[in-house]
Participant: 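Before we start, here is the structure in question, set down as structure tokens.
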Number of protein chains: 2
Amino acid sequence: MIDDFKKNKNLYEKSLIAVDPIIFTISDKKLKIFLKKREKDPFKGKYELPGGLLLHDETAEQTMERKLKELLGDFKIFFMQFQSFTKPNRDPRERIISIGFMALVNEESIEIKDSWFDVEKLPDLAFDHKEIITLAKNHLCQHLNLMVAKQFLPEYFPLNKLQEVHEVVGKRKYDNRNFRKKMIQSGCVEETDQIQKGCSHRPSKLYKFKAEVHEISCK
Amino acid sequence: MIDDFKKNKNLYEKSLIAVDPIIFTISDKKLKIFLKKREKDPFKGKYELPGGLLLHDETAEQTMERKLKELLGDFKIFFMQFQSFTKPNRDPRERIISIGFMALVNEESIEIKDSWFDVEKLPDLAFDHKEIITLAKNHLCQHLNLMVAKQFLPEYFPLNKLQEVHEVVGKRKYDNRNFRKKMIQSGCVEETDQIQKGCSHRPSKLYKFKAEVHEISCK
DNA sequence: GCAAAAGTGTTACAGATACACCCATGG
DNA sequence: CCATGGGTGTATCTGTAACACTTTTGC
């Protein structure tokens, strides 16, 4: 391929490479994403994904880690690639290829509480970011499984919170008795001796994921 | 992001962008992919994916269409993005980001009969192409549905061929009676009045997909 | 008539669904 | 004592799995 490039440098063009993180969390029973407001043209005043360019010696995954640390702080965050975006004029200034990643964070680990937008009520977006977010939402919804749900929860959680995650991401309701039965039977979660505190109703038992939960799917 | 670039051009580096097509077909009850032999160093004599660079005004999808036409001829081929590869040194000469696509073709539309390798018996591969192929195989296997199966079959096909596609891609066996029942009940295929010819055994009825088959999943 | 693949129905089992009431706590 | 969310069992339905023999054709 490089040989093609050497033969005819006019045809091919080197391009900047960026990652665009779609950072999801669940808060207030809604799926939300992190956006920032643009302070410069083009698209001044609109919102954008908090993307970043790859450094010369970085993989896209390393760029994601660097950006996430910068945005949310230094703790481990789960993320996965879902699609790359290559329209030549997606940035009006200069060609940039963007690799889309979705990242999943537990609400409780978030310090900055603003900047989060309900995916059903997004503001005006810069570049092709609306399209990117739509695809990320579909990808998340289609890849909902226990590994994904786990990312939205703290280590110890009530089963009803796990159900809530499934309901919000999967955009559907589950029967509470059936959901609990299925989760317990699946062997992926286990009861602990911890109890929920500080709630003005019957406190729930807390569960945790068994260590071996990795890729178990859950419709 | 471009502002970051303008501030410090040393840190960021523009890169060539390529597509790498993993072209699958089913032949002889095996899943096969298209590879070509490298005639130059590096990796001279090893096999590689038939990748191509993005032209300055092309999306990755347009590059795929151009390359597929060049490799296999001018007919419509189904393909989908599955992952991008960004290790800085994946090509020892110069940085190239590669966007991996899997393409699916029906054996009968192939003219060039060599160049196809059983995915279970791959030759030595150049660059990171072994890794790319492994990921493409997993992706294909996990995304097996009727839309995918359709790509491996001609317009009119025996139900048993559809079963074969599912068995080869899904690496498992299906019970013939149950499989037929399920396919017919699903309403995605319909019987035609066409009959298989030129076989030395009982000829089968031929079926076709109904028009609306797009994204129906099938375990 | 034999080889080779096509085609066909019934029973058993497991997983999914539907459904309504009592419980524990804080205020 | 009341409001709030936590927690529980049974009966039915539906889709999947297991299973073996007859049919049609070419040679």
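Bear in mind the structure is a predicted one, so any value in this text is a computation, not a measurement. The chains referred to below are lettered A, B, ... by the order of the sequence lines, with proteins before strands, and numbering in each begins at 1.
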Participant: Starting at NZ of A:Lys161 and ending at C1' of D:dT4, how long is that distance when rounded to a whole Å?
Facilitator: 13 Å

Participant: Below 4.0 angstrom, N of the basic side chain to O of the carboxylate: do B:Lys30 and B:Asp118 qualify?
Facilitator: no

Participant: On the ring face of A:Tyr174, is A:Arg172 found with NZ or CZ under 6.0 Å from the centre and within 45° of the axis?
Facilitator: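 Pair A:Arg172/A:Tyr174 counts as cation-pi.
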
Participant: Fit a plane to each ring of A:His143 and B:His143, take the angle between them on a 0 to 90° scale, and name the class: parallel (under 30°), tilted (30 to 60°) or perpendicular (over 60°).
Facilitator: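 Correct class here is tilted.
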
Participant: Quick one: A:Tyr207 OH to D:dG6 C1', roughly how many Å, whole number?
Facilitator: 10 Å

Participant: What orientation do A:His139 and A:Phe82 show, parallel under 30°, tilted 30 to 60°, or perpendicular over 60°?
Facilitator: tilted

Participant: Taking the ring of A:Phe127 and the ring of A:Phe43, is the distance between their centroids below 6.0 Å?
Facilitator: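 Yes - the distance between ring centres of A:Phe43 and A:Phe127 falls below the 6.0 Å cut-off.
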
Participant: Just how far, in rounded Å, is C1' of D:dT10 from CG of A:Asp175?
Facilitator: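 Answer to the nearest Å: 12 Å.
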
Participant: Would you indicate which nucleotide in D:dT16, C:dT8, C:dG9 comes nearest to any side-chain atom of B:Lys182?
Facilitator: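 That would be D:dT16.
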
Participant: Mind calculating the distance between CG (A:Asn176) and P (C:dT17) to the nearest angstrom?
Facilitator: 14 Å

Participant: Return the value, rounded to whole Å, for the distance between atom CG of A:Asn178 and atom P of D:dT12.
Facilitator: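 For the pair A:Asn178 CG and D:dT12 P, the rounded distance is 15 Å.
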
Participant: Tell me the interatomic distance from B:Phe179, atom CZ, to C:dG7, atom P, rounded to whole angstroms.
Facilitator: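 In whole Å, C:dG7 P lies 13 Å from B:Phe179 CZ.
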
Participant: Can you identify which nucleotide, out of C:dA6, D:dT16, C:dT17, has its nearest atom closest to the A:Lys181 side chain?
Facilitator: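 The nucleotide sitting nearest to the side chain is C:dT17.
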
Participant: Using atom names, set out every protein N or O paired with an N or O of nucleotides 22-26 of chain D below 3.5 Å, distance rounded to 0.1 Å.
Facilitator:
residue: D:dT23; atom: O2; partner: B:Arg202; partner atom: NH1; Å: 2.9
residue: D:dT24; atom: O2; partner: B:Arg202; partner atom: N; Å: 3.2

Participant: Kindly assign one of parallel, tilted or perpendicular to the pair B:Phe79 and B:Phe101, based on the angle between their ring planes and the thresholds 30° and 60°.
Facilitator: perpendicular

Participant: What is the distance, rounded to the nearest whole Å, between atom CE of A:Met183 and atom C1' of C:dG15?
Facilitator: 13 Å

Participant: Whole angstrom is fine here: how far is it from CZ in B:Arg177 over to P in C:dA12?
Facilitator: 15 Å

Participant: Nearest to the side chain of A:Arg180 - C:dG7, C:dA18, D:dG7?
Facilitator: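 The nucleotide sitting nearest to the side chain is D:dG7.
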
Participant: Just checking A:Phe209 against A:Phe157, ring centres under 6.0 Å apart?
Facilitator: yes

Participant: Looking at C:dA6, I'd like to know if its phosphate oxygens (OP1 or OP2) sit under 4.0 Å from a side-chain N or O belonging to B:Asn160.
Facilitator: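 The answer is yes; a side-chain N or O of B:Asn160 sits under 4.0 Å from OP1 or OP2.
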
